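Note: hydrogens, waters and symmetry copies are ignored here, and every other heavy atom, side chains too, is used. Since this is a predicted model, take the numbers as computed values, not measurements.
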Amino acid sequence: MSRKPQVLLLSLSIVAALAACNRDGAKPAATTDAGTHDAAPKITLDETKLPGVNAFAAADIDASKNACVEFDDYVNGKWLAAHPIPGDRTSWGAFEMLDERSNAVQRQIAEQSAADTNATGVKKIVGDLWATGMDEAKVNAQGIKPLESRLAEIDALADGKSVAQYLRTSAAKGEGVLFGFGPEADFKNSSMTLAYASQGGLGLPDTEYYFNAKHADKLKAYEAHVAKVLELSGVPAADAAKQAKDVVAFESRLAKHSKSRVDLQRDVSLYYNPVSIADADKLTPNFSWTEFFKAQGVETPKMFSLAMPAFHQEVDKMLADVPVDQWKSYLRFHTVDSASPYLSEAFVQENYNFYNKTMRGQKEMKERWKRVLDTIEGQSGEALGQMYVQVAFPPESKARMETLVQNLRDALKVRLENLAWMSPETKKKAMEKWAAFTPKIGYPDKWRSWDGLDTSRDSYIGNVLAANEFNYKWQMGKIGKPVDKTEWGMSPQTVNAYYNPLQNEVVFPAAILQPPFFDAKADDALNYGGIGAVIGHEMIHGYDDQGSRFGPGGNFENWWTESDSKGFSGLTGQLIQQFDEYEAVPGKNVSGKLTLGENIADLGGLNVAYAAMHKAAAGKPDPKIDGLSRDQRFFLNFGTVWRRSFTPEELDVRLATDEHAPANFRAIGAPSNMPEFATAFSCKPTDPMVRGDGKRIVIW
């Protein structure tokens with residue numbers, strides 16, 4: 001169980017994948033062909049119930065602004081002023097509108113699944129989760145009873161040894177709270193799956209929340225939240241307040257020995273520390289990894305990655321010197337807190353009050369049906385996805401996307417071949433990586449099997465716990481086996497895309513293939529400025545500051561000459577400086593280092609998309625639609641993609657933790673480095689959207 005992670009827009013870094021690897025999991029499932037939509041149960045879709053999409057429209061342009069001075073305001077300001085953030089959201093724009101549309105489709109699927117009481121397979125799983133999740137009266141009547149056996153186990157803990165045993169057994173149910181554990185491709189042999197243990201255990205977004213004075217109010221609010229959750233679980237108020245202080249002290253100690261978000265995003269090697277079981281046991285004598293693997297039902301491997309070893313060493317010390325009552329408070333709180341979204345109203349409300357309202361400025365709770373869909377997505381997203389693509393992804397969209405991807409590949413090849421700053425030796429390796437790219441579009445070629453997952457109409461949290469354990473065991477079964485390259489890291493109904501460096505693949509789920517990103521009926525300028533830039537972005541992730549550390553086959557290797565590596569660092573350093581200078585709110589700037597990978601991908605991706613558009617348009621007259629040239633429409637739709645506003649609280653969290661720069665800076669960052677933008681809008685050399693020869697950054 002876990003709070004739903006923040007969506008990573010247009011990337012799935014290996015860091016994000018590993019950080020979440022303990023969240024869903026289990027024995028390798030069989031797969032079924034997904035070559036046709038007929039593989040899924042029949043669903044009918046009423047399109048009249050779907051919200052509209054946020055496509056680019058010339059009428060949205062604010063003519064009072066100058067594109068060369070305030071490009072984001074020019075293309076997005078008028079629309080954003082007329083569309084405030086809804087109360088149940090902390091941000092609003094193109095992504096969120098597509099998410100609402102995807103949710104509306106999913107709702108119809110879930111309702112039809114639940115109505116079929118004779119359903120089997122994926123339809124039964126989705127239907128059971130929906131029906132029990134929507135039965136609020138039954139959930140309220142059950143209260144905390146579904147957790148009583150787990151809380152009794154925690155209450156019975158007597159010493160550090162019994163705590164270590166509890167950590168093993170709870171992890172085996174998919175409920176590990178202290179550290180991440182799961183499978184991922186071996187960095188050095190990416191065709192095989194290795195087990196990874198990473199840091200974890202914190203309730204706040206990053207280590208700096210525990211020590212930086214600017215987050216003192218959030219730390220205080222978190223302590224109050226911990227106390228409230230403990231009190232709701234049955235702890236007397238006075239005791240709950242004391243225990244909350246113990247929990248915060250416990251997590252603060254963990255935080256001192258944890259890597260920060262910046263560290264993890266900008267040095268992927270931190271996740272790779274292969275050790276033998278014997279050596280791991282020596283490193284943490286109070287926590288046996290031999291026994292841990294046995295408890296997970298995994299054959300003891302010769303090696304596994306004990307990432308961030310200093311963190312695990314500190315946990316080991318805490319098993320010896322932290323009083324057992326403090327451990328019990330910590331474990332009780334996180335057990336209840338993680339389960340709160342699936343419990344009675346008081347728990348749901350408290351969970352919302354802290355994580356959504358206090359931390360992110362959300363003004364009202366999502367409607368229950370949206371929250372239940374979040375649960376279905378987290379526990380059985382691909383099961384729902386089988387039915388989603390049946391009604392929401394026409395074959396012609398996939399065919400058009402395949403053409404766009406190939407055009408972007410061709411444009412990237414030309415740019416790589418003509419890089420002036422890279423030596424022939426390194427360029428040869430870069431081209432080998434280009435040739436090995438694997439694109440995935442819409443939905444998996446094979447669906448995973450859900451055989452063995454037993455759901456019912458008895459209990460919402462019972463279904464969640466069953467799915468959680470089933471998924472965990474599915475993940476555990478991958479360890480030591482060949483990597484299944486047909487597997488996807490996102491469901492088809494996710495409005496996102498990603499690059500996986502360990503498989504050298506770019507993946508585009510069905511739900512993002514809608515306006516403003518993609519429209520089969522739109523002109524090329526809009527599609528290349530939208531999904532074209534996304535395709536280019538994901539391909540460039542293979543060459544960003546972390547993706548470039550992986551070779552053509554996905555192995556972690558250095559394929560750079562020393563001089564090229566230094567030259568690349570110099571170029572990326574300029575990009576860090578560019579984004580460091582962007583002030584998001586008075587006194588708070590974007591972190592160029594934290595956001596570097598995404599900024600590299602935006603810059604390279606937009607250049608590649610522009611080149612691909614012009615190759616596709618060669619010999620064709622400029623259509624001049626709505627009085628706008630092809631190039632203008634290209635850049636305007638790119639800006640529309642980043643049409644987005646945030647609550648102040650949400651923006652504050654993102655500045656500290658998000659590897660993506662705020663959307664308004666993404667809208668201007670890459671175009672300002674392109675002379676083609678200045679030409680398209682007749683900008684003067686002194687305009688803010690024109691970075692002159694001394695400042696212009698060209699990497700890929």
Run the side chain to side chain donor-acceptor pair (under 3.5 Å) check on E153 and S149 step by step: do they pass? CA-CA 6 Å; E153 289 181 53; S149 62; 5.2 Å; no
Pairwise distance NZ(K242) to CD(Q326) - rounded to 0.5 angstrom: 8.0 Å
Report the C-alpha distance between V464 and Y460 in whole Å, list the side-chain angles of each, state the deciding distance to 0.1 Å, and finish with yes or no for side-chain contact (heavy atoms from CB on, under 4.5 Å). CA-CA 6 Å; V464 171; Y460 183 38; 4.2 Å; yes
With T207, which of N212, L202, L254, D263 fulfils side chain to side chain contact (heavy atoms under 4.5 Å, CB included)? L202
Any donor-acceptor pair under 3.5 Å linking the side-chain atoms of T375 with those of Q379? no
Do H257 and Q199 pair up side chain to side chain, a donor and an acceptor below 3.5 Å, judged on atom types alone? no
Tell me whether E314 is salt-bridged to R253, with the criterion being a basic N under 4.0 Å from an acidic carboxylate O. yes
Closest non-hydrogen atom pair between L157 and V324, with its separation: O-CG2, 3.9 Å
Going through the distances and angles, do R150 and E175 end up as a salt bridge (charged side-chain N to carboxylate O under 4.0 Å, His left out)? CA-CA 11 Å; R150 284 165 169 76; E175 299 170 26; 2.8 Å; yes
Using the side-chain contact (heavy atoms from CB on, under 4.5 Å) rule, take I600 and L575 through it: C-alpha gap first, then chi angles, then the decisive distance, then the call. CA-CA 8 Å; I600 293 171; L575 199 57; 3.7 Å; yes
Dump the intermediate steps for side chain to side chain donor-acceptor pair (under 3.5 Å) on H541 and N500, then the final yes or no. CA-CA 9 Å; H541 268 312; N500 180 351; over 6 Å; no
Near-ring test W327/F250, centroid separation under 6.0 angstrom: yes
Measure centre to centre between the rings of W289 and F304, then say whether the value is under 6.0 Å. yes
Donor-acceptor side-chain pairing of N351 and S340 below 3.5 angstrom: no
Would you compute the distance between atom CG of L129 and atom CE of M134 and round it to the nearest 0.5 angstrom? 13.0 Å
Do NZ/NE/NH1/NH2 and the carboxylate oxygens of E223 and K245 come within less than 4.0 Å? yes
Before accepting this row, confirm whether a basic side-chain N of the pair R644/E96 lies closer than 4.0 Å to the acidic partner's carboxylate O. yes
So that I can tick it off, tell me whether K328 and D325 are bridged by a salt bridge, with the cut-off set at under 4.0 angstrom between side-chain N and carboxylate O. yes
Does the side chain of N463 come under 3.5 Å of the side chain of D128 through a donor N or O and an acceptor N or O? no
Partner residues of Y210 under the ring-ring contact (aromatic ring centres under 6.0 Å, His included) criterion, sequence neighbours left out: none
Is it the case that the side chain of T358 and the backbone of N353 share a donor-acceptor pair, with hydrogens and angles ignored and the cut-off at 3.5 Å? yes
Mind running ring pair (Phe, Tyr, Trp, His ring centres under 6.0 Å) on F187 and Y271 for me, showing each step along the way? CA-CA 9 Å; F187 276 28; Y271 281 90; 7.7 Å; no
Verify the distance criterion only: is there a donor paired with an acceptor across the side chains of D267 and S269 at less than 3.5 Å? yes
About how many Å separate CG of L306 and OH of Y272, when rounded to the nearest 0.5 Å? 13.0 Å
Dump the intermediate steps for side-chain contact (heavy atoms from CB on, under 4.5 Å) on T572 and D544, then the final yes or no. CA-CA 9 Å; T572 59; D544 70 19; over 6 Å; no
Pairing donors with acceptors under 3.5 angstrom, does anything connect the side chains of Y222 and E251? yes
Taking 4.0 angstrom as the limit, do E649 and K357 come out as a salt bridge? no
Locate the shortest heavy-atom distance separating D206 from A656; write the atom from each residue and the value. OD2-O, 4.0 Å
S338 side chain vs T335 backbone, donor-acceptor pair below 3.5 Å: no
How close do T300 and I277 get, heavy atom to heavy atom, and via which atoms? CG2-CG1, 3.5 Å
Quick one, F354 with V229, criterion side-chain contact (heavy atoms from CB on, under 4.5 Å). Give me CA distance, side-chain angles, the key distance, then yes/no. CA-CA 11 Å; F354 178 70; V229 170; over 6 Å; no
If you take all heavy atoms of S591 and D580, which pair is closest and at what distance? C-OD1, 3.7 Å
Side-chain donor or acceptor of E583 paired with backbone N/O of G587 under 3.5 Å: yes
Inter-residue atom distance K256.NZ - S252.OG, 0.5 Å rounding: 7.5 Å
Strictly distance-based, threshold 3.5 Å: is any side-chain N or O of Q362 a donor or acceptor partner for the main-chain N or O of R89? no
Under 3.5 Å, is there a donor-acceptor pair between the T132 and D135 side chains? no
With the threshold set at 4.0 Å, does a side-chain nitrogen-carboxylate oxygen contact exist between E100 and K370? yes
One thing to verify: whether R371 and E136 come together as a salt bridge, which I'm taking to mean a side-chain N less than 4.0 angstrom from a carboxylate O. no
Side chains of E377 and S491 only: does a donor on one sit below 3.5 Å from an acceptor on the other? yes
Please determine which of H215, M359, K218 meets the side chain to side chain contact (heavy atoms under 4.5 Å, CB included) test together with V653. M359
Find out whether L232 and V336 are in side-chain contact, i.e. whether some heavy atom of one side chain is under 4.5 Å from a heavy atom of the other. no
Applying side-chain hydrogen bond (donor to acceptor under 3.5 Å, both in side chains) to W130 and not counting sequence neighbours gives none
Tell me the closest heavy-atom pair linking S276 and M303, and the distance in Å. N-SD, 3.6 Å
Nearest heavy-atom approach of F292 to A171 is CE1-CB, 3.8 Å
Salt-bridge criterion met for K593 and E659 (N-O under 4.0 Å): no
May I ask you to decide whether R332 forms a salt bridge with D155, counting only side-chain N to carboxylate O separations under 4.0 Å? yes
Could you give me the CA-CA distance, side-chain angles and deciding distance for S162 and D159, then say whether side chain to side chain donor-acceptor pair (under 3.5 Å) is met? CA-CA 5 Å; S162 62; D159 51 26; 3.2 Å; yes
Whether the D186 and Y196 side chains hold a donor-acceptor pair (N or O, under 3.5 Å, no angle test) is what I'd like checked. no
Are any side-chain N or O atoms of Q493 and backbone N or O atoms of G381, one a donor and one an acceptor, separated by less than 3.5 Å? yes
Are the aromatic rings of F179 and H312 close, with centres under 6.0 Å apart? yes
Measure the spacing between CD of Q313 and CZ of F287 and express it to the nearest 0.5 Å. 14.0 Å
Could you tell me if H660 and N599 have a donor-acceptor pair between their side chains, going purely by distance under 3.5 Å? no
Under 3.5 Å, is there a donor-acceptor pair between the T290 and D281 side chains? yes
Rounded to the nearest 0.5 Å, what separates atom OG in S91 from atom CZ in R360? 9.0 Å
Taking atom types as modelled, find out whether Q296 and Y472 have a side-chain donor-acceptor pair closer than 3.5 angstrom. yes
